[in-house]
Protein chains: 2
Amino acid sequence: MNLKSKFKPTDAELEILRVLWKEGGSTVRLINEILNAKREVGYTTTLKFLQIMEQKGMVKVDRSSRTHLYTALIREDETQKHLLDELLESAFGGSAKKLVMQALGNNKTSQKELEDIKNLIKQLEGGKQ
Amino acid sequence: MNLKSKFKPTDAELEILRVLWKEGGSTVRLINEILNAKREVGYTTTLKFLQIMEQKGMVKVDRSSRTHLYTALIREDETQKHLLDELLESAFGGSAKKLVMQALGNNKTSQKELEDIKNLIKQLEGGKQ
DNA sequence: GTTTAATTACGAAGATTTTCGTAGCAAAAT
DNA sequence: ATTTTGCTACGAAAATCTTCGTAATTAAAC
């Protein structure tokens, strides 16, 4: 499977990855139950996705027990970065400023979080001088 | 066509929307030529997309002349917001902070742009107290 | 006025993504 | 041991997205 797609999960794949990132190694049953809290998904649908994701190198499987254990092979922050970069290019023409302002704009980002962001910016500015 | 999809352009649709947002009302030929600067796309492919986008309510067509004129019906900032919100939920679990820090993190956002963002934050903090 | 060129309409093939049904095993329960 | 339950494998249908070929029509050029 090609490298590109490894970091470009589809919507359904991303849903599953989020479970794996949160829960760590999980069985199909657990993953499927968590997904079903949000929306109805058949068990074999979830299983099929996991098998596809293994092909793509997104997850690895431990088959030592009959009940297989799936674990994410791509990192959450790395995947976020890829998806964000893509959106940055495709929708914001590469302007991180526009994107950030849009993200903060209507949003209820907390005082403390804004503080954290300010600190990051200070750091970035420091590095530039 | 349902409302949801109106603000959720596919990749190919977004490419076209970006042209329309930049150029304003445009002919199929112009749009196709601009697209072809980036990658090869057949003329009828572009035309077909525009026709689909009309169905979805993303663009409107002026058919008064034989050479039709297409114009975007959805706004750039609104569309950006929708796509961003979606990514925020699907990949960042709703944390705008994480998203923003990721966006600024590796990026070469300019001094002035960082300044602008700081000002926005100041404004946001002001409103909260 | 005929030929040539440009434009739109439309169907459909190909590709990708999402979804599940069924079969075949393995384990657990009786 | 036989039945029942639970799990994986696999193929394939359904849905969506991308791409183009062909036909029909209109305008322009000659």
Side-chain angles (χ1 to χ4, degrees), chain A residues 1-19 25-36 38-71 79 83 86 90-91, chain B residues 1-19 25-36 38-71 79 83 86 90-91:
Chain A
M1 192 61 51
N2 89 54
L3 250 200
K4 205 68 169 285
S5 71
K6 181 169 167 179
F7 293 100
K8 205 188 159 182
T10 66
D11 287 349
E13 288 167 350
L14 186 54
E15 255 185 327
I16 290 177
L17 281 170
R18 290 186 56 73
V19 174
S26 313
T27 63
V28 181
R29 181 138 310 277
L30 174 65
I31 296 166
N32 185 245
E33 266 160 17
I34 293 178
L35 292 186
N36 269 276
K38 285 278 169 195
R39 66 189 184 92
E40 206 175 324
V41 200
Y43 177 89
T44 55
T45 303
T46 302
L47 173 62
K48 182 65 168 183
F49 275 127
L50 284 164
Q51 287 168 347
I52 291 171
M53 291 166 80
E54 193 203 356
Q55 295 256 309
K56 292 188 183 177
M58 286 176 181
V59 302
K60 71 165 191 268
V61 195
D62 174 354
R63 299 184 204 272
S64 61
S65 143
R66 186 166 93 94
T67 304
H68 298 176
L69 262 190
Y70 286 85
T71 314
T79 307
L83 292 172
E86 229 171 55
S90 69
Chain B
M1 191 63 49
N2 88 55
L3 248 201
K4 204 68 168 286
S5 70
K6 181 170 168 178
F7 293 100
K8 205 189 159 183
T10 66
D11 287 348
E13 288 167 351
L14 186 54
E15 255 184 328
I16 290 177
L17 282 170
R18 289 186 57 74
V19 173
S26 313
T27 63
V28 181
R29 180 136 312 274
L30 175 65
I31 296 166
N32 184 246
E33 266 160 18
I34 294 179
L35 293 185
N36 269 277
K38 285 277 169 199
R39 64 187 186 95
E40 206 175 322
V41 200
Y43 177 89
T44 55
T45 302
T46 302
L47 172 62
K48 182 65 167 184
F49 276 127
L50 284 164
Q51 287 168 347
I52 291 171
M53 291 166 79
E54 193 202 357
Q55 295 258 309
K56 293 188 182 175
M58 286 176 183
V59 302
K60 72 166 193 269
V61 196
D62 174 354
R63 299 183 203 273
S64 61
S65 144
R66 184 167 94 97
T67 303
H68 297 176
L69 261 191
Y70 285 86
T71 315
T79 307
L83 292 173
E86 227 172 55
S90 69

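Every chain is numbered from 1, with letters handed out A, B, ... down the list of sequences.
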Nearest whole Å is fine: how far is dT18(C) C1' from N32(A) CG? 14 Å
Nearest to the side chain of R29(B) - dT7(C), dA9(C), dG21(C)? dT7(C)
Separation of dT16(D) P from Q55(B) CD (nearest whole Å): 14 Å
Rounded to the nearest 0.5 Å, how far does CZ of F49(A) lie from CG of L35(A)? 9.5 Å
Is any side-chain nitrogen or oxygen of T10(B) closer than 4.0 Å to OP1 or OP2 of dT18(D)? yes
Before accepting this row, confirm whether a basic side-chain N of the pair E15(A)/R39(A) lies closer than 4.0 Å to the acidic partner's carboxylate O. yes
So if I apply the side-chain hydrogen bond (donor to acceptor under 3.5 Å, both in side chains) rule between E13(B) and each of K8(B), R18(B), K56(B), which one comes out positive? K56(B)
Has R63(A) got a side-chain N or O lying under 4.0 Å from the OP1 or OP2 atom of dA9(D)? yes
What contact category does T45(B) fall into here, base, sugar-phosphate, or nothing, at under 4.0 angstrom with non-hydrogen atoms? base
Tell me: CG of L47(A) to C1' of dG24(C), nearest whole Å? 14 Å
Tell me which nucleotide among dT18(D), dC20(D), dA12(D) gets nearest to the side chain of D11(B). dT18(D)
For a quick test of reading the model: is some side-chain N or O of R66(B) closer than 4.0 Å to OP1 or OP2 of dT8(C)? no
Contact class for T67(B) (heavy atom, under 4.0 Å): base, sugar-phosphate, or nothing? sugar-phosphate
Separation of dA15(C) atom C1' from K8(A) atom NZ, nearest Å, is 13 Å
Distance, rounded to the nearest Å, where I16(A) contributes CD1 and dT18(C) contributes C1': 11 Å
Minimum side-chain heavy-atom gap M53(A)-L17(A) below 4.5 Å: yes
Separation of K48(B) atom NZ from dT22(D) atom C1', in whole Å? 13 Å
For dT8(C) and Q51(B) - does any side-chain N or O of the residue sit under 4.0 Å from the phosphate oxygens OP1/OP2? no
Phosphate OP1/OP2 of dG6(D) contacted by Y43(A) side-chain N/O (<4.0 Å): no
Nearest-Å distance for atom pair CG/C1', residues D62(B) and dT7(C): 15 Å
Can you figure out which of dT22(C), dG21(D), dT18(D) approaches the side chain of I52(B) most closely? dT18(D)
Rounded to whole angstroms, how far apart are CG on L30(A) and P on dC7(D)? 12 Å
Are Y70(B) and L47(B) side-chain neighbours, meaning at least one heavy-atom pair lies under 4.5 Å? yes
